[in-house]
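Contents: one structure, followed by commentary.
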Amino acid sequence: MKRALLVGCNYGGLPEAYHLQGCANDVATWKDVLESVYGFDPECVEVMVDTDADGVQPTGKNIKGALRRLVAESRAGDVLFFHFSGHGTQLEDDEADEETDAKDEALFPCDGNVIVDDDIREIIGPLDPGCKFTFSADTCHSGGMLDHQAIAISGAKDDDDVKYVSELVTRDRFITFSAVLAVVQSYVLKKVVEVATYKI
């Protein structure tokens, strides 16, 4: 089974200095990519955006709860995808010997209740070894978010972006890629070109 958790925070409830404009749009784009390109069932794609007042808000507690459910309900052979678009930050590491820079990377949910990299590793730790877990973070400081696992952004990238991402997803059990925007932008650009051509 393929299942996903997509989170976007524009931070409209925080002071203006924190506001972002495109994070909810990122989630909509990922949802489209996963469903139309990778065959995810819409019923298996959970969305949390802080622009939807009636939806479940992407607070620290809610995001961690959704990730725990994703892991608990998974079985060998499942493909899991977690995307976070919003602010990222760094905090002093409680155990400085764990990080080369003595700092933890963290996601910044809409309520400011940060989720540090240690939290994510602890949550996905019990995941069945037969599962594939891919984490895409469009944030500052995202490159080391799962830095105790292999970060699989390597190898020659051919012209077929979808094939490239598919190969990444099947290469390692845990994958973090913070430089995935080129793939999504390529997909969006193709969609825009299709629409423009249709209008002509």
Side-chain angles (χ1 to χ4, degrees), residues 1-9 26-27 29-49 55-86 88 93-95 98-99 104-109 113-139 141-155 161-180 183-184:
M1 180 176 287
K2 299 177 179 180
R3 291 181 297 125
L5 171 63
L6 308 177
V7 179
C9 298
D26 291 345
V27 166
T29 299
W30 270 116
K31 183 170 167 54
D32 186 22
V33 170
L34 293 177
E35 293 172 8
S36 63
V37 177
Y38 292 102
F40 279 64
D41 184 334
E43 294 295 318
C44 296
V45 177
E46 182 174 359
V47 169
M48 288 187 197
V49 290
V56 176
Q57 293 300 292
T59 63
K61 179 180 178 180
N62 288 340
I63 295 169
K64 287 192 281 188
L67 277 174
R68 287 194 177 97
R69 287 193 303 276
L70 203 64
V71 170
E73 295 169 3
S74 297
R75 301 292 179 266
D78 286 358
V79 174
L80 309 180
F81 185 88
F82 171 43
H83 172 74
F84 181 90
S85 183
D93 186 10
D94 291 337
E95 300 178 42
E98 282 189 351
E99 304 277 357
D104 280 322
E105 286 71 40
L107 305 178
F108 193 88
N113 184 11
V114 296
I115 301 172
V116 298
D117 49 11
D118 294 334
D119 294 333
I120 297 174
R121 285 194 294 272
E122 184 233 338
I123 290 169
I124 67 175
L127 194 62
D128 189 294
C131 292
K132 301 284 187 182
F133 179 91
T134 301
F135 173 28
S136 163
D138 184 3
T139 70
H141 310 294
S142 58
M145 194 61 71
L146 293 180
D147 52 5
H148 292 285
Q149 299 289 346
I151 300 178
I153 299 291
S154 61
D161 290 330
V162 172
K163 181 170 180 278
Y164 174 66
V165 175
S166 297
E167 288 172 352
L168 285 178
V169 169
T170 57
R171 192 178 303 157
D172 291 286
R173 182 173 168 226
F174 296 109
I175 300 169
T176 305
F177 52 109
S178 55
V180 76
V183 174
V184 179

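None of these values were measured; they are calculated from a predicted model. Heavy atoms only: backbone and side chains are in, while hydrogens, waters and symmetry mates are out.
A 4.5 Å side-chain heavy-atom check between Leu67 and Asp119 finds every atom pair outside the cut-off. By the 4.5 Å heavy-atom criterion applied to side chains, Leu6 and Val45 are counted as neighbours. In this structure, the side chains of Lys31 and Pro42 come closer than 4.5 Å at one or more pairs of heavy atoms. By the 4.5 Å heavy-atom criterion applied to side chains, Lys2 and Glu35 are not counted as neighbours.
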Test log, rule side chain to side chain contact (heavy atoms under 4.5 Å, CB included), inputs Ile63 and Ile115: CA-CA 9 Å; Ile63 295 169; Ile115 301 172; 3.6 Å; yes
Chi angles and distances behind the side chain to side chain contact (heavy atoms under 4.5 Å, CB included) call for Asp78, Arg75: CA-CA 6 Å; Asp78 286 358; Arg75 301 292 179 266; 4.1 Å; yes
With salt bridge (Lys or Arg N to Asp or Glu O under 4.0 Å) as the test, would you mind laying out the steps for Arg121 and Asp118 before giving the verdict? CA-CA 5 Å; Arg121 285 194 294 272; Asp118 294 334; 2.4 Å; yes
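Within the model, atoms CD1 of Ile124 and CZ of Phe82 stand 10.0 Å from one another, a figure rounded to the nearest 0.5 Å. The line from CG of Leu80 to SG of Cys44 is 10.5 Å long, rounded to the nearest 0.5 Å. Distance check, rounded to the nearest 0.5 Å: NZ of Lys64 to CG of Asn113 gives 5.5 Å. Between the CG atom in Asp138 and the CZ atom in Phe84 there is a gap of 9.5 Å [rounded to 0.5 Å].
Each of Arg3, Arg69, Lys132 was checked for a side chain to side chain donor-acceptor pair (under 3.5 Å) with Ser74, and the lone residue meeting it is Arg3. The one candidate from Phe135, Trp30, Phe40 that meets the ring-ring contact (aromatic ring centres under 6.0 Å, His included) condition with His83 is Trp30.
Between Ala66 and Leu5, the closest heavy-atom pair is CB-CD2, 3.7 Å. Gln57 approaches Asn62 most closely through the heavy-atom pair O-ND2, 2.8 Å. Taking each heavy atom of Pro109 and Leu107 in turn, the nearest pair found is CD-O, 3.2 Å. Of all heavy-atom pairs between Leu34 and Ala4, the closest is CD1-CB, 3.7 Å. Between Val27 and Gly8, the shortest heavy-atom contact is CG2-N, 3.4 Å.
With hydrogens and angles disregarded, no donor-acceptor distance shorter than 3.5 Å links the side chain of Asp32 to the backbone of Thr29.
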